[in-house]
2 protein chains.
Amino acid sequence: MDKHEIIKLLKSQQINPTRQRVDIAQLLFERPRHLCADQVMNELSDRGLGKASKATVYNTLNLFSEQGLVRELCIDSGKVYYDSNTAEHHHIYNVDTGELWDIEARRCPSEMVPNLPAGTTSVGVDVIYRVKPQNSYK
Amino acid sequence: MDKHEIIKLLKSQQINPTRQRVDIAQLLFERPRHLCADQVMNELSDRGLGKASKATVYNTLNLFSEQGLVRELCIDSGKVYYDSNTAEHHHIYNVDTGELWDIEARRCPSEMVPNLPAGTTSVGVDVIYRVKPQNSYK
DNA sequence: CTGCTTGCAAAGGCTTTGCAGAACA
DNA sequence: TGTTCTGCAAAGCCTTTGCAAGCAG
């Protein structure tokens with residue numbers, strides 16, 4: 001996704017495309033990724049991209065998430081990952097190595113979808129398959 | 001589950017049944033529950049049960065989790081919940097109110113279980129249906 | 001004694017907040 | 001000039017750690 005498309009994307013969500021926001025969006029949307037705040041900070045400086053302060057990175061990621069551009073991922077407590085793939089999908093997580101893969105969502109037969117509590121409506125479903133190396137002792 | 005059973009349960013997992021551990025286990029196993037560390041601390045003092053220090057509560061919950069007596073739940077980042085229901089099951093989480101319900105695991109037809117990455121083996125699957133009140137603006 | 005537990009306080013990691021200065025329209 | 005952002009530092013929350021004192025066999 002080039003800079004022009006990024007700006008269009010941000011504007012489409014009523015997000016003012018400031019330099020920092022565009023830079024962060026470029027990292028996220030160059031391909032489907034899972035990034036946490038400090039990875040964003042590091043990549044910004046490792047590449048030629050302009051830097052952003054910690055506060056701005058957090059603000060921006062929260063903003064993107066509120067606007068539905070990314071999806072917050074709660075894999076293991078401690079830190080939040082932001083998933084730039086907003087299509088419905090599930091995850092496989094290697095608890096030993098931290099690797100995280102997207103997998104296509106398995107569409108369940110309708111009789112397998114649970115009844116939601118009265119008065120509630122669905123916001124989404126998170127499915128995480130946790131795996132470990134076959135010869136791990138954990 | 002009475003005190004005697006609790007002690008037997010702990011011993012069965014090679015856990016020395018100290019006073020603090022038994023008290024914490026009683027909270028968890030009186031019925032299927034989802035508790036985080038500070039809730040455990042509060043309940044210990046709110047009821048006649050003997051108190052435990054923060055460090056001990058955390059150590060104990062981690063110990064129980066390592067020994068498979070409880071399951072760590074990562075619902076929203078920030079804090080860890082410990083689920084005393086270790087039977088295979090899924091969850092419904094109300095993002096507005098924080099309510100959390102157990103639901104029976106839907107056993108998927110085998111063709112819906114994803115292929116795991118080569119060299120890995122399954123540790124478990126977490127499924128969380130996120131819901132909100134029907135008239136919430138969130 | 002010796003090893004395991006506890007509890008306090010300090011340290012640590014991640015995230016949010018307050019606020020002054022900068023940028024932009 | 002007014003609004004919106006940014007960035008620094010401080011504060012906040014949850015959790016872990018270091019270590020001395022306590023307890024049990």
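Letters A, B, ... mirror the listed sequences (proteins, then strands); counts begin at 1.
At a threshold of 4.0 angstrom between heavy atoms, the contacts of B:Asn16 are confined to the sugar-phosphate backbone, with no base atom among them. Residue B:Asp38 is classed as having no contact, given no heavy-atom separation below 4.0 Å to the nucleic acid.
In this structure, the CD1 atom of A:Ile24 is 12 Å from the C1' atom of D:dG7, given to the nearest Å. Here D:dT6 presents its C1' atom at 15 Å from CG of A:Leu61, a figure rounded to the nearest Å. Counting to the nearest Å, the P atom of D:dT15 and the CD atom of B:Glu72 are 9 Å from each other. Spacing between atom NZ of B:Lys54 and atom P of C:dG12 amounts to 16 Å, rounded to whole angstrom units. Remark: P of C:dA25 and CZ of A:Arg19 are 15 Å apart, rounded to the nearest angstrom. The nearest whole Å value for the distance from the CG atom in B:Leu63 to the C1' atom in C:dT5 is 11 Å. As rounded to whole Å, 11 Å separates atom C1' of C:dG7 from atom CE of B:Met41. A straight line from NZ of B:Lys51 to C1' of D:dG22 spans 19 Å, rounded to a whole angstrom.
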For this session: Would you sort out whether B:Asp83 and B:His89 count as a side-chain hydrogen bond (donor to acceptor under 3.5 Å, both in side chains), showing the intermediate values?
Result: CA-CA 11 Å; B:Asp83 188 343; B:His89 67 285; 2.8 Å; yes
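Dashed line: the shortest gap from a side-chain N or O of B:Thr18 to OP1 or OP2 of C:dC4 is not under 4.0 Å. Under 4.0 angstrom from either OP1 or OP2 of C:dG7 there lies at least one side-chain N or O belonging to B:Gln20. The phosphate of C:dT16 has neither OP1 nor OP2 within less than 4.0 Å of any side-chain N or O from A:Asn59. In this model, the phosphate group of C:dT16 is not approached by any side-chain N or O of A:Tyr58 to a distance below 4.0 Å at OP1 or OP2. Side-chain nitrogen and oxygen atoms of A:Thr56 include at least one within less than 4.0 Å of the OP1 or OP2 phosphate oxygen of D:dG7. For C:dT6, one of the phosphate oxygens OP1 or OP2 lies less than 4.0 angstrom from a side-chain nitrogen or oxygen of B:Arg21.
Looking only at distances, a side-chain donor or acceptor of B:Thr60 sits under 3.5 Å from a matching main-chain atom of B:Thr56. Side-chain atoms of A:Thr120 do not come within 3.5 Å of backbone N or O of B:Val131 as any donor-acceptor pair.
When each of B:Ala55 and B:Lys79 is assigned the nucleotide of DNA chain D with its nearest heavy atom, B:Lys79 is the one assigned upstream, toward the 5' end. Along DNA chain C, the nucleotide nearest to B:Ser77 and the one nearest to B:Val57 differ in position, and the one closer to the 5' end is contacted by B:Val57.
Below 30°, between 30° and 60°, or above 60°: for A:His91 and A:His34 the angle between ring planes is above 60°, a perpendicular geometry.
Side-chain contact between A:Asn62 and A:Phe64: absent, with no pair of heavy atoms (C-beta onward) separated by less than 4.5 Å.
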